[in-house]
Amino acid sequence: MKKKINLVESNLLNVNDMSEKFLLILVFLGFSNAIEWKFPADFKFGVATSAYQIEGGWNADGKGTSIWDTLGHNRSILVKDRSNGDIACNSYNKWEEDVQMVKNLGVDTYRFSLAWTRILPEGYATRVNQPGVDYYNKLINKLIENGIEPVVTLYHWDLPQVFSALGGWTNPVIVLHFANYARKAFELFGDRVKTWITINEPRLICEEYKGLVGDVTENFPLGISEYLCAQNVLKAHAEAYHIYDREFRKTQNGKISITVDMTWSEPATNNSEDIKAAEQNLQFDFGIYTNPIFNFDYPKIVIDRVARRSKMENFTQSRLPQFTTAEKLKIRGTYDFLGINHYVTMYSKAANEPPITKPSVKTDAGGERFRDEKWKGCAANWIKLVPWGLRNLLKWIKINYRNPEIIITENGYADDGTEVLEDDGRIEYYQGYLNATLQAIIEDEVNVKGYMAWSLMDNYEWTHGYELRFGLYHVNFTDPNRTRTPKKSVKFFKNLTNTKTIPN
Ligand code: GBH
């Protein structure tokens with residue numbers, strides 16, 4: 001804004017004729033506006049992936065088994081195309097090419113995750129698998145050599161199988177084992193990795209994929225297991241944060257936080273009941289994970305509603321396990337920034353209190369949710385083009401969490417392989433969401449410091465197998481070479497990183 005005024009007032013406009021001067025001012029206003037619509041110099045662009053989705057090499061060189069290996073082998077019936085990630089993009093062998101692709105995009109950062117079982121095959125920090133460590137060392141060193149900053153996620157869902165029989169994240173014992181794994185990772189890679197993400201998308205771990213953390217879905221009583229899981233995820237995150245703080249921060253000087261999957265809920269109308277319903281949905285979707293870290297304890301509405309519903313259901317106490325005061329204090333403030341993955345916007349509307357049947361987070365949350373049929377979609381039916389949802393979300397975070405530094409660690413669009421290389425839909429998507437990010441930065445003064453596209457390349461999209469393709473690069477999964485080819489969006493991204501403005 002300041003710059004704009006300076007330009008207009010400058011002596012450059014020393015023109016005698018008034019109308020000509022007026023015209024020139026208009027031109028300059030337009031011009032200065034255009035050059036202003038730019039990402040700040042310290043803003044970092046990046047691309048993201050995760051270990052199970054790209055690496056393959058599921059049992060290579062002493063790697064242990066994770067719950068996703070097991071699912072892919074024994075229960076691929078749960079996967080759309082019955083596929084698994086045994087080979088995936090074969091990044092275990094093709095990592096050098098990956099780095100070149102990242103470099104070609106001109107981005108500042110590359111976000112990837114460590115496979116816990118590649119480093120600690122038994123899950124416990126009792127034995128380190130050196131070839132697994134070597135793999136990540138090579139990758140990290142090559143990135144740095146090419147001027148790319150590694151952003152490392154410790155946990156992107158590939159839990160060591162051994163913990164599954166214990167109930168996965170619902171068993172508090174996981175806190176200790178995750179903390180030991182985190183310490184190992186800081187020890188091994190923290191001299192070069194300066195941005196850490198403890199856990200990717202707790203809601204997905206605890207709710208959407210809840211059946212996958214244990215042996216069978218039925219082992220996870222709804223409305224109980226999710227909250228047990230949430231509590232342990234939060235404790236594990238906090239433990240890792242404090243280990244970093246106490247043992248590594250002074251020498252390694254990095255940043256550490258969590259990445260939360262944040263759906264925006266827009267009130268369906270201006271009616272106060274709908275506004276309340278939307279707020280309730282936000283708090284149940286992600287507030288349950290972020291409030292304890294960015295404020296204090298679970299959101300009040302979550303505490304109140306779960307207690308109330310539990311009582312109606314004849315439970316003797318709330319299904320939401322409480323933190324002790326010491327635990328609340330320990331979790332509060334365990335962030336150096338906020339990582340957000342954003343894909344979804346929905347409308348929220350007030351609704352009658354759901355009837356008392358089986359408990360669930362959904363009925364605890366209440367309200368009614370829907371999407372506008374006019375929103376443009378993509379091959380992933382849950383993803384629509386609603387950039388203003390991201391802008392509203394960013395503003396909400398600024399207000400509710402005291403303006404933290406934000407890194408958008410994922411945002412992306414899926415094709416089904418038919419658009420193949422001419423992915424104009426993806427370009428339109430990124431234009432929209434990058435523009436919303438820029439509006440939030442410039443007009444709303446939200447502290448967004450980075451934006452990472454999901455994903456560097458097509459990969460194993462969990463229970464959607466290889467049917468949904470989020471990549472800027474196309475990967476041919478029927479070709480043993482897993483050949484990568486740039487889609488049109490690669491050019492868009494190069495242009496973006498080069499100019500720090502959004503290409504038309
Ligand atoms: C992120 O998860 C992950 O971090 C990443 O690994 C993944 O590849 C990426 O997003 C793209 O999906 O509306 O009922 O159909 C998001 C996982 C799974 C969340 C599917 C939404 C559909 C819900 N998503 N889910 S529904």
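Predicted model, so just to flag it, every value in this text is computed and none were measured. Whatever order the structure lists ligands and atoms in, that order sets their numbers, starting from 1.
- Here the shortest heavy-atom distance to atom 23 (C) of ligand 1, taken over Glu201, Glu208, Arg203, Met346, belongs to Glu208.
- Note: an N/O pair closer than 3.5 Å links Gln53 and ligand 1 by distance alone.
- The N/O atoms of Asn200, backbone and side chain alike, include one that comes under 3.5 Å of an N/O atom in ligand 1.
- The part of Leu204 lying near ligand 1 is the side chain, judged by heavy-atom distances below 4.0 Å.
- Asp274 contributes atom CG, which lies 11.0 Å from atom CD of Glu266 (distance to the nearest 0.5 angstrom).
- For Arg482, the salt bridge (charged side-chain N to carboxylate O under 4.0 Å, His left out) criterion is met by no residue, not counting sequence neighbours.
- In terms of protein heavy atoms, atom 5 (C) of ligand 1 is closest to Glu410 OE1, 3.5 Å.
- Electrostatic pairing of Glu226 and Arg319 does not count as a salt bridge here, judged by no charged N lying under 4.0 Å from a carboxylate O.
- Every residue was checked against the ring-ring contact (aromatic ring centres under 6.0 Å, His included) condition with His242, not counting sequence neighbours, and none meets it.
- Protein non-hydrogen atoms do not reach within 4.0 Å of atom 14 (O) of ligand 1.
- Atoms of ligand 1 lying under 4.0 Å from at least one heavy atom of Glu461, given by number and element, are 7 (C), 8 (O), 11 (C), 12 (O).
- Counting heavy atoms under 4.0 Å from ligand 1, residue His464 does not touch it at all.
- Note that OH of Tyr52 and CH2 of Trp58 are 9.0 Å apart. Values are rounded to the nearest 0.5 Å.
- Atoms of ligand 1 lying under 4.0 Å from any heavy atom of Asn341, numbered from 1 in the order shown and given with element: 4 (O).
- Distances shorter than 4.0 angstrom occur between a heavy atom of Tyr209 and an atom of ligand 1.
- For atom 21 (C) of ligand 1, the choice among Trp462, Tyr460, Trp382 with the nearest heavy atom turns out to be Trp382.
- Tested against Pro150 for a side chain to side chain contact (heavy atoms under 4.5 Å, CB included), the candidates Tyr110, Phe112, Tyr136 yield a single pass: Phe112.
- Under a 4.0 Å criterion applied to the non-hydrogen atoms of His156, ligand 1 contributes the atoms 3 (C), 4 (O), 5 (C), 6 (O).
- At a heavy-atom distance under 4.0 Å, no atom of Asp261 approaches ligand 1.
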